[in-house]
There are 2 protein chains.
Amino acid sequence: MATGRTHRPATRSRGIPEATVARLPLYLRALTGLSERSVPTVSSEELAAAAGVNSAKLRKDFSYLGSYGTRGVGYDVEYLVYQISRELGLTQDWPVVIVGIGNLGAALANYGGFASRGFRVAALIDADPAMAGKPVAGMPVQHTDELEKIIKDNGVSIGVIATPAGAAQQVCERLVAAGVTSILNFAPTVLSVPDGVDVRKVDLSIELQILAFHEQRKAGEESAAAEAAPLPPAARAAGQADRKGPDGDVPAVMPA
Amino acid sequence: MATGRTHRPATRSRGIPEATVARLPLYLRALTGLSERSVPTVSSEELAAAAGVNSAKLRKDFSYLGSYGTRGVGYDVEYLVYQISRELGLTQDWPVVIVGIGNLGAALANYGGFASRGFRVAALIDADPAMAGKPVAGMPVQHTDELEKIIKDNGVSIGVIATPAGAAQQVCERLVAAGVTSILNFAPTVLSVPDGVDVRKVDLSIELQILAFHEQRKAGEESAAAEAAPLPPAARAAGQADRKGPDGDVPAVMPA
DNA sequence: GTATGTGAATGAATTCACAGCG
DNA sequence: CGCTGTGAATTCATTCACATAC
């Protein structure tokens, strides 16, 4: 996804596919659950079900990490938890800063899952001077002026941006200049960053739009003939009509 | 991702690839920006830059929607905005309920981007009786008991789950039973749903873990001599199953 | 007998590169 | 010409199916 390109293929990289990396946290969570219930071993089948993927995929994923299972038996839960944690870099501590302490930023600061696994909120930063000093999630908000100092003093390499869209790029640049190399962006903007910096984005409205797309298709599905046509003027029903020229039916909304 | 099984492989479906659908909202946002600045047309190159993708991909994406551009010129901004909106189903109104009005749920309720584009928060629902009636984002929180009635009265087909993990599956089942067919899940759990229901998940801690993975790799990249990884604290039992390594040689970050 | 690990087969997404249209 | 639209080539991901090891 938004993973920065340009990682040398030259060096014998571990070569774990990105899609696999994205699933490791899922496996880890499922395993943690089993671990808490003191389950000693799992089969790929069981673990896959718990993680919501299919077992072939899971086995293939694990095969990139090494041979951590036992044929005829399954995987040792504790051992796998450790191996995946290590692979993900969760055996070390990652100080994180959250920039933009509005509704969302505050919610993130309060989010428990944050601290749980290797991540520690090192600071909350906001541009509003009125916020400075106010405690959020038991931690005083600091002013943006301190950003560079905070990053350096705490050795922060991961930053979370929860500012309004307009401020995001600028905040991003300051974070990067101060040494942050991974950014989780909640602002609805495309961030541009130099090579070597990873950006991942979380965007509510994008997710909703994707759902709406599928939802719409469901609605038009059964009633292919039935006129369940949406409201818009250009009600070319979501059927099988293959579009070609826009010339035919021009929506009212359009400037011809 | 968590998109439910394919519907109708038989019929000549519109066949827009999932990856393309996931990018349409991005294009739409970029286009909206241009539209506000009254830019009349864009080339694939410019638009791609604004959306953070490459131009070949963008053109291919658009080709699934139809031929909406003009060779030698580019795309008409307003026209494209309309076409993509329609494709995504945003020309209609989608009532949405948010279940679980804690920190996150409240933040989501207050999130502006929600209402902006076709989505309307129809109700906020929480299981805590103490919350009932309290206004959040200018709207009274309703009790879970009302869930079914709310869904039906408002014709809600999209639900947002922002409850604690433990409650998510149960809430999900009630939503689905009441008629919801698309779910956006913020709870850190795998939801199981019947066929025909789409689930998308947004998970902060997964995103952070993916960043940590890359971050770790960056750190170990130049200096192969990091620190010696300790043996698993609880790696009893499976002692013999020592990893044989993906490629048989020594992994970069590992103790030699 | 049972469940892993993995080549081989299939399928999806991206990128290339250029024909064709305005 | 310039820029779209798209087959063809390529890369990436998933699934199959079975030899392999316990």
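Hydrogens, waters and symmetry mates play no part in the numbers below; they use all other heavy atoms, side chains included. All chains are named by letter (A, B, ...) in the order of the sequence lines, taking the proteins before the strands, and each is independently numbered beginning at 1.
Under the side-chain contact (heavy atoms from CB on, under 4.5 Å) criterion, B:Ala165 pairs with B:Pro188, B:Thr189, not counting sequence neighbours. Residues that satisfy the side-chain contact (heavy atoms from CB on, under 4.5 Å) test with B:Ser192, not counting sequence neighbours, are B:Gln169. Applying the side-chain contact (heavy atoms from CB on, under 4.5 Å) criterion to A:Ala22, with sequence neighbours excluded, gives B:Ile210. Applying the ring pair (Phe, Tyr, Trp, His ring centres under 6.0 Å) rule to B:Phe62 yields the partners B:Tyr27, B:Tyr75; only residues at least two apart in sequence or on another chain are considered. Applying the side-chain contact (heavy atoms from CB on, under 4.5 Å) test to B:Ser205 and every residue at least two apart in sequence or in another chain returns A:Arg29, A:Tyr111, B:Asp203, B:Gln209.
When the P atom of D:dT14 is taken as reference, atom CD of A:Glu18 falls 11 Å away, rounded to whole Å. One interatomic measurement links the two molecules: CG of B:Leu58 to P of D:dT6, which rounds to 14 Å at whole-angstrom precision. As a whole-Å value, the separation of B:Leu65 CG from D:dT6 P is 11 Å. Straight-line distance from the CD atom of A:Glu46 to the C1' atom of C:dT2: 12 Å, rounded to whole Å. One can place CZ of A:Phe62 at 16 Å from C1' of D:dT14, the figure rounded to the nearest angstrom.
Contacts of residues 28-44 of chain B with DNA chain D (heavy atom under 4.0 Å): B:Ser43, B:Ser44.
Counting only residues at least two apart or in different chains, salt bridge (charged side-chain N to carboxylate O under 4.0 Å, His left out) contacts with residues 51-65 of chain B comprise B:Arg23-B:Asp61. Residues in residues 182-209 of chain A take part in no ring pair (Phe, Tyr, Trp, His ring centres under 6.0 Å) pair, two or more places apart or across chains.
Among the heavy atoms of the strands lying under 4.0 Å from A:Tyr75 are primed sugar atoms or P, OP1, OP2 only; no base atom is included.
For the residue pair B:Glu78 / B:Tyr82, no side-chain donor-acceptor distance below 3.5 Å is found, with atom types taken as modelled.
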Under 4.0 Å protein heavy-atom contact, by nucleotide of nucleotides 14-22 of chain C - B base, S sugar-phosphate only: SB-B-BBBS

